[in-house]
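Structure record follows, encoded as structure tokens.
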Amino acid sequence: MKVTIDQDKCVASGQCVTAAAEVFDQRDEDGIVVLLNANPPVELAADVRQAAVVCPALAITVDE
């Protein structure tokens, strides 16, 4: 699994952090998503997919 984010699309909703805090974080100054792990382990795959689905800006891409 490879995860990419588009910080220009991010609207700082924080849904990704709620779904997968081990993979996503937010910048303190503006809440924009920060990718902590572009290649998360299989145990986190379902959480990462959920984060991509709930992202209101569709800023997260998951390649299997």
Side-chain angles (χ1 to χ4, degrees):
M1 167 179 281
K2 178 163 176 51
V3 180
T4 55
I5 57 171
D6 185 340
Q7 290 184 325
D8 293 333
K9 288 184 176 179
C10 180
V11 294
S13 73
Q15 296 300 308
C16 56
V17 178
T18 301
E22 299 87 354
V23 178
F24 304 100
D25 198 357
Q26 291 177 279
R27 293 191 305 222
D28 290 336
E29 63 271 19
D30 57 9
I32 297 298
V33 64
V34 174
L35 184 60
L36 301 176
N37 185 351
N39 299 299
V42 68
E43 304 86 53
L44 298 177
D47 293 342
V48 171
R49 287 187 201 103
Q50 179 65 20
V53 168
V54 299
C55 176
L58 303 176
I60 301 169
T61 302
V62 178
D63 294 311
E64 302 292 336

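We're numbering straight along the sequence, starting at 1. Any value given below was found using the heavy atoms of this structure, including those in side chains, with hydrogens, waters and symmetry copies removed.
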How would you list, by chain and number, every residue that makes a salt bridge (charged side-chain N to carboxylate O under 4.0 Å, His left out) with Asp30, sequence neighbours excluded?
->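 Counting only residues at least two positions away or on another chain, Asp30 forms a salt bridge (charged side-chain N to carboxylate O under 4.0 Å, His left out) with Arg27.
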
To the nearest 0.5 Å, what is the distance between [atom1] on [X] and [atom2] on [Y]?
| X | Y | atom1 | atom2 | answer |
| --- | --- | --- | --- | --- |
| Ser13 | Gln26 | OG | CD | 7.0 Å |
| Asp6 | Thr61 | CG | OG1 | 7.5 Å |
| Ile5 | Cys16 | CD1 | SG | 8.0 Å |

What is the minimum heavy-atom distance between Ala59 and Cys10, and which atoms define it?
-> CB-N, 3.9 Å

Throw together a table of side-chain donor-acceptor distances under 3.5 angstrom for residues 32-53, partners on residues two or more places apart or in other chains.
| unit_1 | atom_1 | unit_2 | atom_2 | d |
| --- | --- | --- | --- | --- |
| Asn37 | OD1 | Asn39 | N | 2.9 |
| Arg49 | NE | Glu64 | OE2 | 2.9 |
| Arg49 | NH2 | Glu64 | OE1 | 3.1 |

Apart from Val11 itself, members of its ILVMFWY cluster (side-chain separation under 4.5 Å) are none

